[in-house]
Amino acid sequence: MPQGEFELIARYFSRLGAERADVRIGVGDDGAVVMPPSSRELVVVMDSLLEGVHFPAGSPAASIGHRSFAVNLSDLAAMGAEPAWALLALTLPSADEEWLAQFSRAAGDLCRKHGVALIGGDTTRGPLAATVTMVGIAPIGVALERKGGQVGDAIFVSGSPGDSAAGLALEQGRLHVADAMSAQILRDRFLFPTPRCGIGVALRGLASACIDVSDGLGGDLEKLCAASGCGAEVDAAALPVSEALLSAVGREAAREYALTGGEDYELLFTVPLARLGAMTSAIARGLGPVKRIGSLVAGKGVKVFARGGVMQFSGSGFDHFAT
Ligand SMILES: [Mg+2]
């Protein structure tokens with residue numbers, strides 16, 4: 001990009017996010033220098049958002065700014081790490097000042113909220129895409145993993161999965177909802193997802209396995225099960241679907257969105273029965289919106305029990321099958 005455009009971009013990203021005392025050299029040099037705390041492990045994640053792949057063309061700049069950092073915060077939450085530093089690689093068709101202002105304001109607000117400092121990055125001209133690398137901190141040996149779940153463990157999920165997928169369908173005109181307020185709530189859940197950082201950190205020492213829901217609850221539960229070497233049974237009636245989703249699409253479709261939707265950025269985790277008491281206490285102390293939806297079982301694969309029968313997860317969706 002021409003020099004003037006680089007200066008413009010630098011103005012929006014030179015001090016984005018939280019001020020952190022552990023950043024010795026930040027944005028503006030050839031590299032960043034940070035001072036990790038002693039006796040801690042660093043957890044490193046990266047996620048790309050491409051126009052037309054991860055968000056529809058014409059999405060609001062504020063949403064792209066929020067989501068490109070939120071999806072990485074969610075991965076750190078799933079690992080039980082406290083977010084610290086971020087790098088941003090931004091590819092833009094042109095340096096549109098209004099777009100940059102909205103993108104950086106939303107990204108900065110989210111980063112400050114979670115104590116993250118932007119310490120560097122890169123800007124290129126090309127099709128719109130944002131790639132963020134984020135580094136989090138955790139005590140040695142306690143980061144959460146997808147493996148570690150045991151037969152009998154309770155399965156929990158945070159928030160209300162399915163909202164985001166319905167919000168995306170609304171954005172793309174594939175879904176029409178008469179109730180304007182429900183429609184707006186669902187759209188916002190896609191455009192501005194809530195990474196569950198506080199819950200992720202609180203689950204250290206409590207959860208036996210954890211994953212964040214990016215590809216759909218059923219598929220991500222299948223990944224957790226595969227990593228943990230067991231299967232899962234989910235009670236469809238226990239799925240925490242939101243009032244907005246229920247009123248927008250009805251109970252049957254709401255469950256389908258919840259199980260197969262994706263882009264929720266909620267945490268899906270397992271808790272050994274011996275720690276359920278501690279889990280109940282954590283919930284009472286304000287852990288956040290989490291709900292038990294089923295149990296890990298011997299075998300493999302994900303089965304969902306509903307009044308109409310049993311559904312088996314296969315590939316990307318659920319098939320009804322007779323037992
Ligand atoms: Mg993930």
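Bear in mind that the values here come from a model prediction, so they are computed numbers and not experimental data. Counting starts at 1 for both ligands and their atoms, in listed order.
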Backbone or side-chain N/O/S of Asp47 under 2.8 Å of the Mg ion (ligand 1): no
Point-to-point distance, once rounded to the nearest 0.5 Å, from CG of Leu221 to OG of Ser228: 9.5 Å
Asp75 N/O/S atom closer than 2.8 Å to the Mg ion (ligand 1): yes
Salt bridge Asp215-Lys223, side-chain N to carboxylate O under 4.0 Å: yes
Glu266 versus Ser158, side-chain donor and acceptor atoms under 3.5 Å: yes
Atom name in Asp212, limited to N/O/S, at shortest distance from the Mg ion (ligand 1): OD1
Worked verdict on Arg67 versus Glu263 for salt bridge (charged side-chain N to carboxylate O under 4.0 Å, His left out): CA-CA 10 Å; Arg67 289 183 84 241; Glu263 313 270 353; 2.6 Å; yes
